[in-house]
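Working notes for the structure below.
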Amino acid sequence: MKLKLKELSDIELAKFVKYRLHDFLENSKQKIIEEVKVRNLTNEDLDNLFDLTINTENETGFICEQCGSSRFYKETDYELVQKSYGSYEVAVESNRCRICGLNPNKNTQKGLINKLKKSLGLYKDTQLKRN
């Protein structure tokens, strides 16, 4: 499912622009900037909206610790696990925020709370890849 800019609230759009605009190619950047212009938002408006909290319904059970959004998608990475008798791939699924791009499983931030959450396994879902 793709993120549709028209479905974002002004607060979500402001956070999306601040966190993710630099991640896109020029054509996509222009579409994002056009959406900001259609809504008549200035840079000052974006800064003010960025500081506000996103009011979202929490359908997924996840709230982004960075921007407060509940818009996530599943991201799958594959790790090769070596054993003495051979190797196999393990699919590691994690959630990435659609608004700011944060993946708590891959978050490199230091801090006692993040270390505690990672040690308790709250950021990692691991499954064997089925062929």
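Note that the structure is a prediction, hence the values are computed from the model and not measured.
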Check your understanding: Who pairs with K83 by salt bridge (Lys or Arg N to Asp or Glu O under 4.0 Å), at least two apart in sequence or on another chain?
Key ->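 Salt bridge (Lys or Arg N to Asp or Glu O under 4.0 Å) check on K83 returns nothing, list empty.
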Point to revise | Residues which pass salt bridge (Lys or Arg N to Asp or Glu O under 4.0 Å) with D23, listed by chain and number, not counting sequence neighbours | key: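 Salt bridge (Lys or Arg N to Asp or Glu O under 4.0 Å) check on D23 returns R20.
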Within this structure, what is the [atom1]-[atom2] distance for the pair [X] and [Y], rounded to the nearest 0.5 Å?
{"X": "S9", "Y": "I54", "atom1": "OG", "atom2": "CD1", "result": "6.0 Å"}
{"X": "K15", "Y": "S69", "atom1": "NZ", "atom2": "OG", "result": "9.5 Å"}
{"X": "K31", "Y": "I33", "atom1": "NZ", "atom2": "CD1", "result": "13.0 Å"}
{"X": "D77", "Y": "S94", "atom1": "CG", "atom2": "OG", "result": "6.0 Å"}
{"X": "N95", "Y": "S70", "atom1": "CG", "atom2": "OG", "result": "11.5 Å"}
{"X": "E93", "Y": "T76", "atom1": "CD", "atom2": "OG1", "result": "4.5 Å"}

Exercise for review: Take V81 and E89, measure what side chain to side chain contact (heavy atoms under 4.5 Å, CB included) needs, and give me the verdict at the end.
Suggested key: CA-CA 6 Å; V81 177; E89 281 188 332; over 6 Å; no
Practice item. Might you confirm whether atom CG of L25 has over 12 heavy atoms from other residues, nucleotides or ligands at distances under 6.0 Å? Key: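 Count not over threshold, so no.
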Check your understanding: Would you find more than 12 non-hydrogen atoms of other residues, nucleotides or ligands less than 6.0 Å from Q82 atom CD?
Key ->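 Yes, enclosed.
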Looking at every non-hydrogen atom in both residues, tell me the closest pair between [X] and [Y] and how far apart they are.
{"X": "L49", "Y": "I11", "value": "O-CG2, 3.7 Å"}
{"X": "G68", "Y": "I63", "value": "O-CG2, 3.8 Å"}
{"X": "L21", "Y": "K29", "value": "O-CE, 3.2 Å"}

Check your understanding: Counting distance only, does the side-chain N/O of D45 pair as donor-acceptor with the main-chain N or O of T42 below 3.5 Å?
Key ->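 Between the backbone of T42 and the side chain of D45 there is a qualifying donor-acceptor contact (under 3.5 Å).
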**Study point:** pair Q66-C97: side-chain heavy atoms closer than 4.5 Å
**Key:**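 Not touching, per the 4.5 Å side-chain cut-off.
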Point to revise | Close side-chain approach of E34 and L5, heavy atoms under 4.5 Å | key: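 Sidechains of L5 and E34: no contact.
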Practice item. Taking the six-membered ring for Trp and the single ring otherwise, decide whether the centroids of F24 and F16 are under 6.0 Å apart. Key: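 Yes, the ring of F24 comes within the 6.0 Å limit of the ring of F16, centre to centre.
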Practice item. Using distance alone, with no hydrogens and no angle criterion, decide if N103 and E75 have a side-chain donor and acceptor under 3.5 Å apart. Key: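 Checked: N103/E75 side chains pair up, N/O donor to acceptor below 3.5 Å.
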Review point. Going through the distances and angles, do E12 and R98 end up as a salt bridge (charged side-chain N to carboxylate O under 4.0 Å, His left out)?
Key: CA-CA 10 Å; E12 288 174 321; R98 289 186 183 276; over 6 Å; no
**Study point:** Residues E35, R39: salt bridge by 4.0 Å N-O rule
**Key:**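 Salt bridge present between E35 and R39.
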Exercise for review: Among residues two or more places apart or on two chains, list those pairs meeting ring-ring contact (aromatic ring centres under 6.0 Å, His included) that have a residue in residues 25-55.
Suggested key: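 Residue pairs passing ring-ring contact (aromatic ring centres under 6.0 Å, His included), neighbours aside: Y19-F50.
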